[in-house]
Amino acid sequence: GENVEQHPSTLSVQEGDSAVIKCTYSDSASNYFPWYKQELGKRPQLIIDIRSNVGEKKDQRIAVTLNKTAKHFSLHITETQPEDSAVYFCAASPSGGSNYKLTFGKGTLLTVNP
Amino acid sequence: GAVVSQHPSRVICKSGTSVKIECRSLDFQATTMFWYRQFPKQSLMLMATSNEGSKATYEQGVEKDKFLINHASLTLSTLTVTSAHPEDSSFYICSARGRWGGSTTDTQYFGPGTRLTVL
């Protein structure tokens with residue numbers, strides 16, 4: 001089955017700095033890669049996703065890059081703000097069909113210091 | 001759009017009792033629903049996948065007789081923890097994958113979770 005590794009497990013940055021979280025996956029059949037943000041005690045919220053036919057996707061301060069050859073994808077947050085503090089999870093899945101299910105990384109606790 | 005509700009948000013029960021958790025998609029048809037378990041400071045562990053009108057598919061190591069899943073309609077799935085014990089205490093979260101305009105999306109929308117404490 002799929003295995004998703006996520007690094008780092010914790011990340012502390014100063015407000016205004018950039019944050020980068022990296023994930024690798026093992027199953028070459030995976031072609032859908034979402035990122036979720038989870039605040040303490042709350043539900044995971046989708047913040048951005050990318051599919052394998054695209055190398056990069058950006059939404060305001062958030063961007064995701066995908067290198068399908070190397071089987072890794074990364075989340076980039078620019079101009080970080082204290083409200084960005086949360087746990088971020090990457091995930092991978094084959095898209096569609098009966099094989100679809102998300103395999104999650106172990107999460108990164110991001111702390112943005114004012 | 002794409003709201004998933006979950007009920008109850010918290011439940012405390014005695015050891016040996018059964019607890020039912022409901023997961024509803026409020027504004028879309030959920031072709032597939034997923035049940036996860038999350039321990040403190042850990043990731044989401046998929047327990048099972050359920051498609052409307054068919055039996056759930058359980059992940060390896062998850063006891064199907066312990067965690068009963070029913071997906072009777074396109075907007076409702078239930079998870080029943082039978083004969084609960086303290087080690088079943090956890091945060092249970094459902095998610096739903098929906099259908100819009102005749103096609104199913106890859107996006108999973110999560111419920112707010114249920115905190116189960118078994119005494």
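In what follows, every chain begins at residue 1, and chains take the letters A, B, ... in the order their sequences are listed.
- Here the side chain of Ser43(B) pairs no donor or acceptor atom with the backbone of Gly107(A) at under 3.5 angstrom.
- Between Gln38(A) and Phe110(B), every side-chain heavy-atom pair lies at or beyond the 4.5 Å cut-off.
- With a 4.5 angstrom heavy-atom cutoff, Gln42(B) touches chain A only via backbone atoms.
- Both Val62(B) and Leu116(B) sit in one connected hydrophobic cluster of ILVMFWY residues. Membership requires side-chain heavy atoms under 4.5 Å apart, directly or through other members.
- Around atom NE2 of His7(B), no more than 12 heavy atoms belonging to other residues, nucleotides or ligands sit under 6.0 Å away.
- Using a 4.5 Å cut-off on side-chain heavy atoms (C-beta onward), Leu44(B) and Pro44(A) make contact.
- Taking both residues in full, the closest heavy atoms of Gln38(B) and Phe89(A) are given as NE2-CZ, 3.7 Å, listed atom of the first, atom of the second, then distance.
- Annotation for Lys22(A): atom NZ does not count as buried by contact number, only 12 or fewer foreign heavy atoms lying within 6.0 Å.
- Leu102(A) is not listed as a side-chain neighbour of Phe34(B), based on a closest heavy-atom distance of 4.5 Å or more.
- In this structure, OH on Tyr36(A) lies 6.5 Å from OG1 on Thr107(B), to the nearest 0.5 angstrom.
- With a threshold of 4.5 angstrom between heavy atoms, Gln6(A) does not approach chain B through any atom at all.
- Heavy atoms of other residues, nucleotides or ligands lying less than 6.0 angstrom from CD of Glu79(A) number 12 at most.
- Taken together through direct or relayed side-chain contacts under 4.5 Å among Ile, Leu, Val, Met, Phe, Trp and Tyr, Val87(A) and Leu46(B) form part of one hydrophobic cluster.
- Residues Ile21(A) and Ile48(A) fall within the same hydrophobic cluster, defined by Ile, Leu, Val, Met, Phe, Trp and Tyr side chains chained together at heavy-atom separations under 4.5 Å.
- Atom NZ of Lys55(B) has 12 or fewer neighbouring heavy atoms from other residues, nucleotides or ligands inside a 6.0 Å radius.
- Placement of Tyr100(A) and Tyr36(B) within a single hydrophobic cluster is found when ILVMFWY residues are connected by side-chain heavy-atom separations under 4.5 Å, directly or transitively.
- Contact annotation: the side chain of Lys101(A) approaches that of Glu59(B) to within less than 4.5 Å [non-hydrogen atoms, C-beta and beyond].
- For chain B, the nearby parts of Phe104(A) are the backbone and the side chain; heavy atoms of each come within less than 4.5 Å.
- We find the NZ-OG distance between Lys41(B) and Ser9(A) to be 11.5 Å, quoted to the nearest 0.5 Å.
- Counting heavy atoms of neighbouring residues, nucleotides and ligands inside a 6.0 Å radius, atom CD of Glu83(A) exceeds 12 of them.
- Residue contact with chain B, scored on non-hydrogen atoms closer than 4.5 Å, involves the side chain of Leu46(A) exclusively.
- Side-chain N/O atoms of Gln45(A) and Tyr109(B) include no donor and acceptor closer than 3.5 Å.
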